[in-house]
Amino acid sequence: MKVVFMSDSHGYDDRVEKIISDNKDADYFYHLGDICTDYSHNKLNIIQGNNDYDYYPRKIVAQFEGFKVLMLHSDRIYYNRLVTLKNLAKDNNCQIVLYGHTHCCSDDTIDGIRLLNPGSLCYNRDGS
């Protein structure tokens, strides 16, 4: 199974489309918020970010090959983001959290919970 995650494209639909076209073998695509358009693709699941329409879900919990995954934008977490995400994962019986909003790519593990942020498709704050 191949699952592709992206975040914070802020209206640059061409970048979202490139990710999708470069990964034709992917089973699923998830955008972790701030897509900022009405972009639509039959395999793209979109989570609501702070700059998105409210008809997207605020979070998604899914199972991938034995791993339960929590996906959200994380814009409503103001302090201790990683600890809060870890606690949300445990509350939802998840082993992995994928989140956006910070515009910084990161890969952390706290108390056995993997916390992954793909960064931003534009306006990166970490120089990537």
Side-chain angles (χ1 to χ4, degrees):
M1 175 182 289
K2 181 176 179 179
V3 184
V4 176
F5 300 94
M6 63 190 93
S7 189
D8 295 279
S9 56
H10 289 273
Y12 288 91
D13 292 345
D14 57 323
R15 295 177 188 192
V16 173
E17 188 58 40
K18 178 156 178 39
I19 298 283
I20 292 171
S21 67
D22 287 352
N23 293 280
K24 290 181 176 26
D25 60 335
D27 298 292
Y28 300 99
F29 295 89
Y30 286 88
H31 193 291
L32 302 172
D34 281 358
I35 195 165
C36 302
T37 65
D38 285 326
Y39 182 83
S40 178
H41 187 281
N42 62 341
K43 283 189 174 181
L44 182 63
N45 301 283
I46 301 170
I47 293 164
Q48 182 186 31
N50 54 300
N51 292 299
D52 290 323
Y53 304 107
D54 62 2
Y55 49 76
Y56 299 126
R58 291 292 306 167
K59 72 175 184 177
I60 295 175
V61 175
Q63 186 103 14
F64 300 114
E65 307 228 343
F67 292 99
K68 197 168 176 188
V69 179
L70 171 65
M71 295 167 275
L72 69 161
H73 189 60
S74 86
D75 58 296
R76 294 183 179 180
I77 300 172
Y78 305 106
Y79 302 102
N80 301 316
R81 184 177 313 274
L82 297 180
V83 171
T84 302
L85 289 170
K86 182 247 330 175
N87 291 336
L88 286 171
K90 289 188 174 199
D91 291 347
N92 287 275
N93 297 312
C94 294
Q95 297 84 30
I96 300 170
V97 177
L98 284 133
Y99 67 101
H101 186 63
T102 66
H103 291 229
C104 297
C105 182
S106 63
D107 181 352
D108 299 285
T109 302
I110 300 175
D111 292 338
I113 305 293
R114 187 104 180 251
L115 308 162
L116 299 165
N117 186 329
S120 175
L121 289 178
C122 64
Y123 310 125
N124 290 326
R125 295 179 182 145
D126 62 358
S128 64

Undergrad: Of the non-hydrogen atoms in Gly100 and Leu32, which two are nearest, and what is the gap between them?
TA: N-CB, 4.2 Å
Undergrad: Locate the shortest heavy-atom distance separating Gly11 from Cys36; write the atom from each residue and the value.
TA: N-CB, 3.7 Å
Undergrad: Tyr30, Val61: one ILVMFWY side-chain cluster at the under-4.5 Å cut-off?
TA: no
Undergrad: Does Asp52 come within less than 4.0 Å of Arg58, counting only side-chain N to carboxylate O?
TA: no
Undergrad: Only one of Ile35, Thr37, Asp34 passes side chain to side chain contact (heavy atoms under 4.5 Å, CB included) with Ser9; say which it is.
TA: Ile35
Undergrad: Can Ser74 and Arg81 be said to form a side chain to side chain donor-acceptor pair (under 3.5 Å), step by step?
TA: CA-CA 8 Å; Ser74 86; Arg81 184 177 313 274; 2.8 Å; yes
Undergrad: Per the side-chain hydrogen bond (donor to acceptor under 3.5 Å, both in side chains) rule, which among Asp75, Asn50, Asn51 passes with His101?
TA: Asn50
Undergrad: Got a donor-acceptor contact below 3.5 angstrom from the Asn117 side chain to the Gly119 backbone?
TA: yes
Undergrad: Do you know the tightest heavy-atom contact between Pro118 and Ser7?
TA: CG-CB, 4.0 Å
Undergrad: Does any non-hydrogen side-chain atom of Tyr39 lie less than 4.5 Å from one of Leu44?
TA: yes
Undergrad: Going by atom types alone, do His103 and Asp8 pair a side-chain donor with an acceptor below 3.5 Å?
TA: yes
Undergrad: Charged N to carboxylate O under 4.0 angstrom, Lys43 versus Asp27?
TA: no
Undergrad: Which distance, rounded to the nearest 0.5 Å, do you find between the CG of Leu98 and the CD1 of Ile60?
TA: 11.0 Å
Undergrad: Return all side-chain donor-acceptor pairs below 3.5 angstrom for residues 63-72, not counting sequence neighbours, or 'none' if the list is empty.
TA:
residue, atom, partner, partner atom, Å
Glu65, OE2, Met1, N, 3.1
Lys68, NZ, Asn92, O, 3.2

Undergrad: Quick one: does Ile47's side chain get under 4.5 Å of Tyr56's, heavy atoms only?
TA: no
Undergrad: Does some side-chain heavy atom of Val4 sit less than 4.5 Å from a side-chain heavy atom of Asp22?
TA: no
Undergrad: Quick check on the 6.0 Å ring-centre criterion: do His31 and His41 meet it?
TA: no
Undergrad: Look up atom CZ in Phe29 and atom CG in Asn42, then write down how far apart they are to the nearest 0.5 Å.
TA: 9.5 Å
Undergrad: When Ile, Leu, Val, Met, Phe, Trp and Tyr are grouped by side-chain heavy atoms lying under 4.5 Å apart, directly or through other members, which residues fall in the same group as Tyr78?
TA: Tyr79
Undergrad: Taking atom CD1 of Ile19 and atom CG of Asp14, what is their separation to the nearest 0.5 Å?
TA: 10.5 Å
Undergrad: Could you give me the CA-CA distance, side-chain angles and deciding distance for His10 and Leu121, then say whether side-chain contact (heavy atoms from CB on, under 4.5 Å) is met?
TA: CA-CA 8 Å; His10 289 273; Leu121 289 178; over 6 Å; no
Undergrad: If the plane angle is over 60° it's perpendicular, under 30° parallel, otherwise tilted; pick one for Tyr53 and Tyr55.
TA: parallel
Undergrad: Rounded to the nearest 0.5 Å, how far does CG of Asn23 lie from CG of Asp25?
TA: 6.5 Å
Undergrad: Once you round to the nearest 0.5 Å, how far does NZ of Lys24 lie from NZ of Lys2?
TA: 11.0 Å
Undergrad: Give the C-alpha distance, both sets of side-chain angles, the deciding distance and a yes or no for side-chain contact (heavy atoms from CB on, under 4.5 Å) between Leu85 and Tyr99.
TA: CA-CA 9 Å; Leu85 289 170; Tyr99 67 101; 3.6 Å; yes
Undergrad: Just to verify, what does Asp111 make a side chain to side chain contact (heavy atoms under 4.5 Å, CB included) with, not counting sequence neighbours?
TA: Lys86, Lys90
Undergrad: Indicate the atoms forming the closest heavy-atom contact of Val97 with Ala89, along with that distance.
TA: CG2-CB, 3.4 Å
